[in-house]
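Structure first, then comments.
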Amino acid sequence: MKNKEVVEMLREIAEYLTIKGESRFKISAYEKAAHVIENLTQPIEELDALGKLTQLPGVGKSIAEKIHEYLTTGKSSYLEELKREIPREVFELMEVPGIGPKLAMRLYTELGIRSIDELEEAAKQGRIRKMKRMGVKAEQKILKGIQIYRMDAGRVPLFTIRPLVMEMVSYLKDKTGIERISPAGSFRRWREDVGDVDILVATDSEGQKVIELFASAEWTKEVLWRGDTKCSIVTPTGVQVDLRVVPEDSWGAALQYFTGSKAHNIRLREIAISKGLKLNEYGLYREDTGQKIAGLTEEEIYEALGMPWIPPELREDMGEVQAALQGKLPNLITEDDIRGDIHMHTNYSDGADSIKAMALKAKELGYEWIVITDHAIGLGVVGGIDYDTWKKEYEEAKQVEKEVGIRIFVGIEANIMVDGEVMISSPDMDFVIGSIHSGLDGSREKIMARYKKAIYSGLIDSIGHPTGRLLGGIRPPMDVDIDQLLSMAKDKGLFMEINAYPNRLDLNGPNVFKAKNMGIKLYIGTDSHATMQMENMIYGVHTARRGWAEKKDILNTLSSDEMEELIEKLKARRKAISV
Ligand code: DGT
Ligand code: CA
Ligand code: CA
Ligand code: ZN
């Protein structure tokens with residue numbers, strides 16, 4: 001099946017077109033088609049062979065031809081042509097947060113900059129401020145971007161590696177019959193980005209076999225180190241994965257040790273020492289006699305240290321050990337608690353799927369309700385909907401609601417414009433998310449003034465993807481004063497979003513923690529633009545858990561009746577403002 005390759009080809013074309021400054025319409029045609037094919041379960045070759053490519057939503061004649069050419073010849077002459085026109089170096093420059101395609105192209109052509117090192121030199125020499133429409137500020141922004149880029153370097157967002165790691169674990173389990181195989185490290189703690197991946201295997205007799213399977217599998221591009229109990233490899237995308245084999249009776253101790261974090265482990269070791277015990281990756285021992293008192297499971301280790309088992313997401317030394325000792329650990333929200341999804345797009349705006357498709361997917365996921373929030377007008381980039389179109393969408397949703405048998409609320413994702421105006425909101429709408437989609441590089445004063453005006457207008461119920469960051473060095477967060485934002489949200493009774501789109505995770509764990517401690521309610525929104533993406537809910541749930549969120553903190557755990565009741569209140573509140 002070549003779907004993945006075709007998706008990559010289409011996305012690459014879209015990237016090149018962006019750099020060329022082609023119309024947004026043309027670019028999003030390729031992005032949309034890529035989106036659709038990404039979610040296709042059938043091999044694209046089959047559709048092509050049947051001449052049915054154009055039946056896919058978003059795939060017109062011209063894109064179908066390019067796919068056909070790629071499937072028959074292994075390349076796209078259109079893409080080759082684009083590659084001749086635009087040098088590869090421009091893409092490297094775009095890896096610096098804050099440098100978009102146009103600026104990258106200008107830096108390349110006007111200053112002849114060919115690498116990030118050269119860019120840094122040029123900025124330090126003050127050559128960038130001399131370019132047209134650039135200045136000292138722009139130059140400093142570039143230097144800051146380079147700093148962020150270097151900081152991120154070597155770490156990858158969790159979602160880019162998670163599917164492969166899960167595949168590794170189940171493959172090794174299947175082939176060996178060993179039950180005790182688990183990811184550890186930052187991966188198991190659900191950190192949003194990981195330096196390397198750690199996998200742990202407990203076996204007394206099959207270590208060699210596991211290591212052989214691991215090192216010779218398709219995912220191994222290069223073996224860095226191979227010994228009797230440890231093997232480190234590099235995946236095709238350049239991520240290092242460490243596999244460790246430990247004795248069966250050390251499973252719990254090793255899992256605890258290698259899950260970390262380092263700071264959490266240090267805390268635990270302090271507790272152990274204060275009790276006359278010694279904790280390491282083999283077990284928990286009495287200091288005086290050397291007798292082993294725990295090691296087989298994590299639970300027994302925590303118990304022997306006088307506390308309940310601590311969920312991995314909490315092991316960041318944010319007070320979890322203290323809380324555990326006092327019996328005050330939060331009762332974290334779980335995937336099973338989720339009864340609905342807030343924030344998703346349909347083909348009314350830039351989503352790939354219909355209301356019905358989204359509703360059916362929600363039903364498949366076992367939800368009771370969803371809140372659809374298509375983009376409103378004012379977005380510039382993607383076509384957003386106006387009030388009349390929203391009204392139509394609402395009516396269609398009511399139809400679908402009956403057909404599918406799931407509660408469908410229809411809200412909107414309103415834009416908080418550059419001047420803080422909310423575009424658009426109405427008391428009829430079930431839920432109004434206010435999001436910033438433009439001018440993300442504004443100063444802290446500007447961003448906060450926009451948020452303030454929008455929040456105090458009374459027209460929005462929540463803040464969507466509050467910092468606007470995109471993981472993987474793509475876009476740094478806006479210059480948001482998060483404490484001030486949370487205080488304003490609290491003041492006006494707004495909800496804060498935990499955007500579960502895996503390259504957003506916004507709010508992130510630490511900010512969820514802050515919001516929760518201020519008594520602000522949150523919700524998880526997958527921000528899905530296609531049915532498949534609704535499965536990203538897990539990233540939101542685990543981000544919530546990293547912020548210590550409990551069931552009661554998160555709107556998605558409400559029943560459909562409770563949600564309806566809340567929505568009636570929100571509508572009444574908005575109505576009171578608009579009269
Ligand atoms: P990463 O890979 O940078 O995303 O973060 P981790 O947490 O996965 O760190 P890694 O891979 O270096 O080590 C995995 C775990 O092993 C770490 O979370 C805790 C444990 N560990 C590693 N080195 C030390 C150490 O020097 N002391 C202690 N107490 N634990 C360590
Ligand atoms: Ca690691
Ligand atoms: Ca490691
Ligand atoms: Zn948005």
Side-chain angles (χ1 to χ4, degrees), residues 1-18 20 22-83 163-164 167 218 344-365 370 372 374-375 381-383 385 389 392-393 396-397 399-400 403-406 408 501-502 526-536:
M1 173 151 137
K2 297 211 161 127
N3 300 28
K4 230 173 157 175
E5 284 173 46
V6 170
V7 168
E8 266 168 35
M9 186 239 339
L10 295 173
R11 292 235 160 95
E12 224 182 330
I13 291 179
E15 277 177 26
Y16 275 104
L17 294 178
T18 310
K20 277 189 74 179
E22 290 281 352
S23 81
R24 190 59 222 174
F25 182 75
K26 192 166 169 185
I27 297 162
S28 78
Y30 284 92
E31 281 169 350
K32 254 189 189 167
H35 218 74
V36 169
I37 295 166
E38 193 168 37
N39 290 306
L40 203 63
T41 44
Q42 193 183 358
I44 187 91
E45 302 92 306
E46 267 175 31
L47 284 174
D48 181 41
L50 297 168
K52 283 188 172 169
L53 284 178
T54 48
Q55 286 180 14
L56 288 172
V59 177
K61 197 164 149 266
S62 139
I63 292 182
E65 276 166 9
K66 288 179 184 91
I67 296 174
H68 178 74
E69 185 200 4
Y70 183 83
L71 290 174
T72 41
T73 69
K75 58 181 187 182
S76 158
S77 44
Y78 183 59
L79 179 58
E80 299 298 312
E81 177 60 36
L82 287 169
K83 283 183 178 173
L164 179 61
E167 192 189 314
E218 232 183 275
M344 63 183 71
H345 301 266
T346 72
N347 51 15
Y348 270 83
S349 65
D350 62 345
D353 293 312
S354 64
I355 298 175
K356 187 167 176 183
M358 300 302 270
L360 285 168
K361 181 68 184 181
K363 201 157 182 199
E364 180 196 316
L365 292 169
I370 49 173
I372 291 172
D374 270 304
H375 286 291
V381 201
V382 202
I385 58 177
T389 314
K392 261 189 230 137
E393 178 173 30
E396 186 183 327
Q399 266 323 108
V400 175
E403 278 172 54
V404 176
I406 187 169
I408 305 177
Y501 206 89
T526 58
D527 201 351
S528 293
H529 287 69
T531 55
M532 274 275 284
Q533 295 173 358
M534 290 171 74
E535 293 174 13
N536 288 331

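Note that the numbering runs from 1 along the sequence shown for the chain.
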Q) Between Ser76 and Ile13, is any pair of side-chain heavy atoms under 4.5 Å apart? A) yes

Q.
Once side chain to side chain donor-acceptor pair (under 3.5 Å) is applied, do any residues pair with Glu80, and if so which ones, sequence neighbours excluded?
A. none

**Q.** Distance, nearest 0.5 Å, that separates NZ of Lys32 from NE2 of His35
**A.** 10.0 Å

Q) Would you call Lys361 and Glu535 a salt bridge, taking side-chain N to carboxylate O under 4.0 Å as the test? A) yes

Q) Roughly how far, to the nearest 0.5 Å, is CD1 of Ile355 from CD of Glu403? A) 10.5 Å

Q | Shortest non-hydrogen contact from Met1 toward Leu40 | A | CE-O, 4.2 Å

Q: Measure across Val36 and Pro57 and return the closest heavy-atom pair with its distance rounded to 0.1 Å.
A: CG2-O, 3.3 Å

Q) Quick one: CD on Glu12 to CG on Leu79, what's the gap to the nearest 0.5 Å? A) 5.0 Å

Q: For atom NZ of Lys83, decide whether the heavy atoms of other residues, nucleotides or ligands shown that lie under 6.0 angstrom number more than 12.
A: yes

Q: Would you tell me whether Gln533 and His345 have side-chain atoms, one donor and one acceptor, within less than 3.5 Å of each other?
A: no

Q | Distance-minimising heavy-atom pair for Ile406 and Ala362 | A | CD1-CB, 3.6 Å

**Q.** Shortest non-hydrogen contact from Thr526 toward Met534
**A.** CG2-O, 3.7 Å

Q: Using only heavy-atom distances, determine whether the side chains of Glu69 and Tyr78 contain a donor-acceptor pair under 3.5 Å.
A: no

**Q.** Heavy-atom donor-acceptor pair, Lys26 side chain to Leu17 backbone, under 3.5 Å
**A.** no

Q) Salt bridge or not for Lys61 and Glu65, using N-O below 4.0 Å? A) yes

Q) Where do Val404 and Lys363 come nearest, in terms of heavy atoms and distance? A) O-NZ, 2.9 Å

Q. If you round to the nearest 0.5 Å, how far is CD1 of Ile44 from OH of Tyr70?
A. 12.0 Å

Q: Mind checking side-chain contact (heavy atoms from CB on, under 4.5 Å) for Glu45 and listing every partner two or more places apart, or none if nothing turns up?
A: Lys2, Asn3, Pro43, Leu71

(Q) Are Glu167 and Leu164 packed together at the side-chain level, in the sense that at least one heavy-atom pair is separated by less than 4.5 angstrom? (A) yes

(Q) For Thr346, run the side chain to side chain donor-acceptor pair (under 3.5 Å) check against Thr531, Asp374, Asp353 and tell me which one passes. (A) Asp374

**Q.** Considering all heavy atoms, the nearest Val59-Ala33 contact
**A.** CG2-CB, 4.0 Å

Q) Is there side-chain contact between Ile67 and Leu47, with heavy atoms separated by less than 4.5 Å? A) no

Q.
Distance check, rounded to the nearest 0.5 Å: Glu15 atom CD versus Ile27 atom CD1?
A. 11.0 Å

Q. Would you say His529 and Glu31 make side-chain contact, with heavy atoms under 4.5 Å?
A. no

Q: Check ring-ring contact (aromatic ring centres under 6.0 Å, His included) between Tyr16 and all other residues, then give those that pass, not counting sequence neighbours.
A: Phe91

**Q.** Spacing of CD1 belonging to Ile408 relative to NZ belonging to Lys356, to within rounding of 0.5 Å
**A.** 10.5 Å

Q: For the pair Glu396 and Lys392, evaluate salt bridge (charged side-chain N to carboxylate O under 4.0 Å, His left out) and give the outcome as yes or no after the intermediate values.
A: CA-CA 6 Å; Glu396 186 183 327; Lys392 261 189 230 137; over 6 Å; no

